[in-house]
A.B. asks: 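The structure follows.
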Amino acid sequence: MISDPLQVDDFNKKLKSWYLKNHRPLLWRQTTDPYKIWLSEIILQQTRVAQGTPYYEKFLENYPTVFDLANADERDVLRLWQGLGYYSRARNMHYTARQIVSEFEGRFPETALTLSKLKGLGNYTAAAIASFAFGEAVAAIDGNVYRVMSRIFGIKADMLSNEGKKEFAQVAKTLISHEDPATYNQAMIEFGALQCVPVSPNCSICPFNDICYAYAFNVQNELPVKAKKLKVKNRFLNYFIIQQGDKLAMQERNTKDIWKGLYDFLLIESAAHVDSPEELADNAMLLVLMKKGTIRQVPKLYIHLLTHQKLHVQFWWLTIPESEPVDLPSNIYFFSKNEVETLPKPILIDTVLKEEKYL
DNA sequence: TAAACGTGGTG
DNA sequence: TCACCAAGTTT
């Protein structure tokens, strides 16, 4: 392991030198504004820089300050987040913006400990903001940093278990630079993102290949250790897109399930694939609706992959004449085309509406 | 505390 | 095609 202050000092010098030569000039690195740093960190959680960057720019244009975000409707925030996934990030961010305005007069807490009490801020994000915006000497340990530490220092603890996280945190504490913690954290993250990459790292040009455990024993592919293996569940969703004039019947998803806060259509889930709506149980209301208009099956069966679910999704498009009065199930309402466009929707719903030439 | 939460890129 | 992964957090 590494505990000798001289070795730590040498490690930090090499790391910083690598960073100064190789880092990307990312937008959120050009500022110490905690709001901007916070925004970037939330967006980047489990998200690639390339995917997140356009959202960072959009959010800053629409909500330049924490006050603007606090004043926004949650629905609009979610709409701007549409397509990024993990939507609780957007809901929590909006909630936290309001809290920062109402409780702290728009100023962010300045330590990792106090930041971590805010919704959506865990250990990593709190430490990142505390060091980048306020210069606190706390280690921000994200997936990149776990990888770098486990490989260089040969740490085989499971990075996803609480036990393992403690071990990594210990090592990180001995490593962090107290002269320039912000650059140290940025450098560790960037080093993992650019040099010590998950697959096929080019160790021949690595400044640490003289001390790296993984390189010495050729176990780059075995580190870091992640014990978790996830099982994917199949789900069969049958959506009914009820249209009247240019209006669509949509509902806000409010259950403890996927896509909370986003809008979709009348949904009947089944245990297996069904070929026709008649096969769906509990469809008396459906039959009434179908009698009023015409129904067509959207030809494509959509397969939509989530982290823990494989969605098999069939859509039926139900067109009802405007002369027919329609009794919608509770919580489902008609929205004009304009409104449908501005509602936050799962990317799957948005895709179908576009492929079916509605949007 | 293990499981759940999205989407898109990659080999 | 598909498993894996990408600046994690919540419950």
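So you know, we letter chains A, B, ... as the sequences are listed, proteins then strands, and number each from 1.
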A.B. asks: Do T125(A) and dG8(C) share a donor-acceptor pair, side chain to base, under 3.5 Å?
C.D. replies: no

A.B. asks: Tell me the interatomic distance from I42(A), atom CD1, to dG6(B), atom P, rounded to whole angstroms.
C.D. replies: 15 Å

A.B. asks: Base, sugar-phosphate or nothing for R24(A)? Non-hydrogen atoms, less than 4.0 Å.
C.D. replies: base

A.B. asks: Give one of base, sugar-phosphate or nothing for L305(A), where a contact means two heavy atoms less than 4.0 Å apart.
C.D. replies: base

A.B. asks: Please report, rounded to the nearest Å, how far the P atom of dG8(B) is from the CG atom of L311(A).
C.D. replies: 14 Å

A.B. asks: Please pick, from dA7(C), dC5(C), dT9(C), the nucleotide with the shortest atom-to-atom distance to any side-chain atom of R48(A).
C.D. replies: dC5(C)

A.B. asks: From CG of L84(A) over to P of dG8(C), roughly how many Å is that when rounded to an integer?
C.D. replies: 13 Å

A.B. asks: Classify the nucleic acid contact of G85(A) as base, sugar-phosphate or nothing, counting any heavy atom under 4.0 Å across all strands shown.
C.D. replies: base

A.B. asks: Between W259(A) and dA4(B), is there a contact of a side-chain N or O with OP1 or OP2 at under 4.0 Å?
C.D. replies: no

A.B. asks: Regarding S161(A) and E163(A), is there a side-chain donor-to-acceptor distance under 3.5 Å anywhere?
C.D. replies: no

A.B. asks: Need one value for L26(A): base, sugar-phosphate or nothing, where a base atom within 4.0 Å counts as base even if backbone is also close, heavy atoms only.
C.D. replies: base

A.B. asks: With respect to the side chain of R29(A), which nucleotide from dT11(C), dA7(C), dA3(B) is positioned closest?
C.D. replies: dA7(C)

A.B. asks: Would you call D142(A)-R147(A) a salt bridge at under 4.0 Å N-O?
C.D. replies: no

A.B. asks: If we ignore angles and hydrogens, is there a donor and acceptor under 3.5 Å between the side chains of R89(A) and T47(A)?
C.D. replies: yes

A.B. asks: NA contact type, I189(A), heavy-atom cut-off 4.0 Å: base, sugar-phosphate, or nothing?
C.D. replies: base

A.B. asks: Between N92(A) and S40(A), who's closer to the 5' end of DNA chain C by nearest nucleotide?
C.D. replies: S40(A)

A.B. asks: Between D158(A) (CG) and dA2(B) (P), how many Å, whole number?
C.D. replies: 9 Å

A.B. asks: Do Y215(A) and R151(A) have a side chain donor and acceptor closer than 3.5 Å?
C.D. replies: no

A.B. asks: Determine: side-chain N/O of Q46(A) to OP1/OP2 of dG8(C), distance under 4.0 Å, yes or no.
C.D. replies: yes

A.B. asks: Considering every strand and a 4.0 Å limit on heavy-atom distances, what is the contact class for R91(A): base, sugar-phosphate, or nothing?
C.D. replies: nothing

A.B. asks: Return the 5'-most residue of the pair Q51(A), D257(A) with respect to DNA chain B, ranking by each residue's nearest nucleotide.
C.D. replies: D257(A)

A.B. asks: What is the distance from CH2 of W81(A) to C1' of dC5(B), rounded to the nearest Å?
C.D. replies: 13 Å

A.B. asks: Under 4.0 Å: is that the gap between some side-chain N or O of K119(A) and OP1 or OP2 of dT10(C)?
C.D. replies: no

A.B. asks: For H304(A) and dG6(B), is the shortest distance between a side-chain N/O and OP1 or OP2 below 4.0 Å?
C.D. replies: no

A.B. asks: Tell me the interatomic distance from R147(A), atom CZ, to dG8(C), atom C1', rounded to whole angstroms.
C.D. replies: 14 Å

A.B. asks: I'd like to know whether F208(A) forms a ring pair (Phe, Tyr, Trp, His ring centres under 6.0 Å) with F11(A), so could you lay out the CA-CA distance, the side-chain angles of the two residues, the decisive distance to 0.1 Å, and finally the verdict.
C.D. replies: CA-CA 8 Å; F208(A) 299 113; F11(A) 178 86; 4.7 Å; yes

A.B. asks: Hey, is the side chain of N162(A) poking within less than 4.0 Å of OP1 or OP2 on dT1(B), counting only N and O atoms?
C.D. replies: yes

A.B. asks: Look at the side-chain N and O atoms of Y86(A) and state whether any lies under 4.0 Å from the OP1 or OP2 oxygen of dA4(B).
C.D. replies: no

